[in-house]
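Reviewing the structure listed below.
Note that these values count all heavy atoms, side chains included, but never hydrogens, waters or copies made by symmetry. Computed from a prediction, not measured in an experiment: that's the story for all the values here.
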There are 2 protein chains.
Amino acid sequence: MAAQACPISPVVDIVFSRWTTPILWTLHELGRQRFVELQRRIETITPKVLTQRLRQLERDGLVVRTYHPSVPPRVEYEISELGLSLAPLFAQLAHWAEAHLGEVDRARSSYDAAGRPLSS
Amino acid sequence: MAAQACPISPVVDIVFSRWTTPILWTLHELGRQRFVELQRRIETITPKVLTQRLRQLERDGLVVRTYHPSVPPRVEYEISELGLSLAPLFAQLAHWAEAHLGEVDRARSSYDAAGRPLSS
DNA sequence: CGGGATCCGATAGGATACTG
DNA sequence: CAGTATCCTATCGGATCCCG
């Protein structure tokens, strides 16, 4: 479902699909966590969607799921080795954000200010 | 529409929303291009969606649109200065892809091979 | 607790025209 | 050429209930 002629599309689909960044970020910052903890951290996500995304991340090898058979059951999620290899990438992303997000905001303001005459 | 507790979500929304990577990549690799050229390069995108994404990228200041009033009209798109600042990020992404995409594939295979007993 | 099952509405995005 | 307009579908994601 990606777009050709772009070698990074596959990675983007894997790493930057919906909700994956908050999940990976949370796991990276706060370490191993249980399902409810993740749900509370991310706040706006529903259990259903969280499960979907966690399964996908687990399948892609970015996250490790550990099941503890007990009563009540306990399941913990943590970043895998492979997931950790994304850290520098995320760091650079954060750096870009800090450096250039203001410019984006300004660009938007000026774009919205000029009432797009669709030419010129 | 982003998720809290994750400082890079805003950037992801801007840079890695659907179709933006192929568009930015194409413009970056092949330089200034007209609408149809982009459409042909990306192949699977429809004119409507291409317009939407280009407008968004233009609004965010990542792409510059130049309108040449002539018959037939000519419109050209190119990466902006701000868009160019993403280059190292894309390079690192490509690098990560080359280094780790194989592991993702293997993880998927092994996940699919084991018929998920949902415990263990 | 950690989900799965089901229903359901919103919306992104494809297909197919048509125009300045 | 560079889009816009219209229609229509598919997928996403929210809400709710339930189960081991």
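Taking atom CD of residue B:Q39 and atom P of nucleotide C:dG14, one finds them 12 Å apart after rounding to whole Å. When rounded to the nearest whole Å, the span between CD of B:E58 and C1' of D:dG3 equals 13 Å. Taking atom CG on B:L50 and atom C1' on D:dG3, their separation rounds to 10 Å, with Å as the unit. Between the CD atom of B:Q52 and the C1' atom of C:dG14 there is a distance of 11 Å, given to the nearest Å. If you take CZ of A:R34 and C1' of C:dC1, they are 7 Å apart, rounded to a whole angstrom. Across the protein-nucleic acid pair, B:D13 atom CG and C:dA12 atom P stand 13 Å apart, rounded to whole Å. As rounded to whole Å, 16 Å separates atom P of C:dT11 from atom CD of B:Q56. Rounded to a whole Å, the CD atom of A:E76 is 16 Å from the C1' atom of C:dG3.
With D:dC1, D:dG13, D:dG3 as the choices, the nucleotide that has an atom nearest any side-chain atom of A:R53 turns out to be D:dG13. Minimum atom distance to the side chain of A:F35 is reached by C:dG3, of the listed D:dC1, C:dC1, C:dG3. Taking every side-chain heavy atom of B:T51 into account, D:dT4 is the closest of D:dT4, D:dC1, C:dG4. Nearest nucleotide to the B:V75 side chain, out of C:dC1, C:dG20, D:dG3: D:dG3. The A:R65 side chain lies nearest to C:dG2 when the options are D:dA2, C:dG2, C:dC1.
The shortest non-hydrogen separation linking A:R18 to A:R53 is O-CD, 2.7 Å.
Within the structure, a side-chain polar atom (N or O) of A:Y77 is placed less than 4.0 Å from OP1 or OP2 of C:dG3.
With a 6.0 Å radius and a threshold of 12 heavy atoms from other residues, nucleotides or ligands, A:H68 has its NE2 atom above the threshold.
Residue pairs satisfying the salt bridge (charged side-chain N to carboxylate O under 4.0 Å, His left out) criterion with at least one member in residues 83-108 of chain B, sequence neighbours excluded, are listed as follows: A:D60-B:R108.
At least one donor-acceptor pair closer than 3.5 Å links the side chain of A:Q33 to the backbone N or O of A:G31.
Ring-plane geometry between B:F16 and B:F90 is classed as parallel, the angle between the planes falling under 30 degrees on a 0 to 90 degree scale with a further cut at 60.
Taking CG of B:L62 as the start and CG of B:L86 as the end, the distance is 6.0 Å to the nearest 0.5 Å.
Evaluation of the salt bridge (Lys or Arg N to Asp or Glu O under 4.0 Å) rule for B:R32 yields B:E76, B:E78 as partners, not counting sequence neighbours.
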Tabulate protein N/O versus nucleotide N/O from nucleotides 14-18 of chain D, keeping only pairs under 3.5 Å, one per line.
{"residue": "D:dG14", "atom": "O6", "partner": "A:K48", "partner atom": "NZ", "Å": "2.2"}

